[in-house]
Amino acid sequence: MAQPAKNSNPIRLWGGRFTGEIDPLMNQYNESLSVDRVFYAQDIKGSIAYARANVKTGILTQEEFVKLEEGLKIVLKEWEEGKFEPAEGDEDIHTANERRLGEVIGTNIAGKLHTGRSRNDQVATDMRMWLRDELILIEGYLVDLLKVIAHRAKQDIDYLMPSYTHLQRAQPVRWSQWLLSYATAFQSDLERLRFTKKNINKLPLGCGAVAGNAFGIDRIQLAKELGFDGLIMNSMSAVGDRDFVVEVLQCASTIGSHLSRWSEDLIIYSSLEFGYIKLADAYTTGSSLMPQKKNSDSLELLRGKSGRIFGAMTGLMMSIKGIPSTYNKDLQESLQPMLDTVKTLKDGLQIAARSLATATVYPEKMRAALSPDMLATDLAEYLVRKGVPFRETHHLAGRMVALAEDENKGMDELTIEQFQGVDKRFGDDVLSVFDYERSVELKDATGGTSRRAVLEQLEALTKTLEI
Ligand code: ARG
């Protein structure tokens, strides 16, 4: 970006009532061009629509509109070609564009553009336009991640692994069941995101600084031209609301929290002690000191950066929770967390998808981590099928666990006599319980980990991915 030209007395668009000099540090403190320059195209598009609507109000002649549009397109081109030169008095993207427009087409016409408009309705419009485009990208990346999960879940459906509660081995499940547990969370995220996208797409422009537009501007025409689905129906709300940003940051925080837990699981699974997966080199780094190290940096960063996203959300909520009605400069503080979060999330979703797509899975390690004690519940349920009340079978299965422990054996290594010594109702077929495949296949109710139930989940997931 070109450095602003030095000028001890810069021209300011609002300068009429000001006589004193501005403290240079205050200038720096107040400026937002370094952040909101990303909206240059939205700002210009909004101005063209606003000018067009002002032909109908009689503020502009058709010729003046043509000049304005030409001028705004020249400014747009300058931005696109990296030739836009900010000037010292450019506080933000709105003042920068208008100042430059005046230089290009003359202030006589350029000076009419802002009639009835305020930066208050302008910035809210730019932000919504920018966000809705970014949300389309985020939605795409989330769908990509879900597709990678779905693909792996289908391809790896035969792999069995321990499930964990309290990080203690619990019951055998399919690896696909674990994969799809996160898909379920990301799927809800996708629904929330789609809902938020709809909320964002309402137009604030045409509300002026606070009280509305005095020239009868056709807001419906503005909304149509700018691709909004509807209007914000109250001028004070239109200029003072940043809930749409909060909503995006909240969505992002929930996605971040899911990415973080997902990463945490995979970090554990990729430790040598587990060895269930190995990340591709492209998503790991080594240690500067220990030559043997291969660290899961992509996952650790996903976990760590989710903290940044929560911080952005709580920070913005703190910034706005106590301000009085309508526009206050505090609202400018919504820009930075919005941009930072959108970038962090977009990058994170892609890193997550790529890390998973390229990871190697070791089903034999998963299988080796299964142990017969994980079938103690299956043993209790075996007796339930013979009519014994569950409370009693739970106790009997517990006694078999204790016996195996005493004997320093797997439960599947105990003899039929030992089972029947504890309870006569254990039949000759009791050892058939100690089959991991059988165990997962029994969990066949919807949501369970049998092959059929997993495929059912996959089918439901695939439906939501059709955009
Ligand atoms: N840069 C400002 C922002 O992002 C634009 C609105 C300024 N409005 C004002 N009344 N000073 O919030």
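Ligands are counted one by one from 1 in listed order, and the atoms in each one are counted from 1 as well. We use all heavy atoms of the structure for the numbers below, so side chains are in, but hydrogens, waters and symmetry mates are not.
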Could you find the nearest protein heavy atom to [atom] and give me its residue, atom name and distance?
atom                    : result
atom 12 (O) of ligand 1 : Y327 OH, 2.5 Å
atom 11 (N) of ligand 1 : R119 NH2, 3.5 Å
atom 1 (N) of ligand 1  : Q332 OE1, 2.8 Å

Nearest heavy atom to atom 8 (N) of ligand 1: which of N30, I93, N120 does it belong to?
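The nearest heavy atom belongs to N120.
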Please say whether S32 places an N or O atom under 3.5 Å from an N or O atom belonging to ligand 1.
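Yes, at least one N or O pair falls under 3.5 Å.
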Between R100 and E103, is there a salt bridge with N-O shorter than 4.0 Å?
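Salt bridge: yes.
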How about E459: does its CD atom have over 12 heavy atoms from other parts shown lying under 6.0 Å from it?
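Counting neighbours around CD of E459, 12 or fewer heavy atoms of other residues, nucleotides or ligands fall under 6.0 Å, so no.
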Whether over 12 other heavy atoms sit under 6.0 Å from K443 NZ:
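Above 12, so yes.
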For S450 and E441, test the side chains for any donor-to-acceptor distance below 3.5 angstrom and give the result as yes or no.
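The criterion, which ignores hydrogens and geometry beyond distance, is not satisfied for E441 and S450.
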Using distance alone, with no hydrogens and no angle criterion, decide if N295 and E300 have a side-chain donor and acceptor under 3.5 Å apart.
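N295 vs E300: no donor-acceptor pair found between side chains.
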Would you mind listing which atoms of ligand 1 come within a distance below 4.0 Å of any non-hydrogen atom of D92?
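Counting from 1, the qualifying ligand atoms are 1 (N), 2 (C), 5 (C).
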Subset of ligand 1 atoms that lie under 4.0 Å from at least one heavy atom of L335:
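Selected atoms, number and element: 4 (O).
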Less than 3.5 Å apart, which donor and acceptor atoms pair up between the side chains of residues 159-168 and the rest of the protein, not counting sequence neighbours?
residue: S163; atom: OG; partner: Q171; partner atom: N; Å: 3.1
residue: S163; atom: OG; partner: Q171; partner atom: O; Å: 2.6
residue: Y164; atom: OH; partner: Y276; partner atom: OH; Å: 2.5

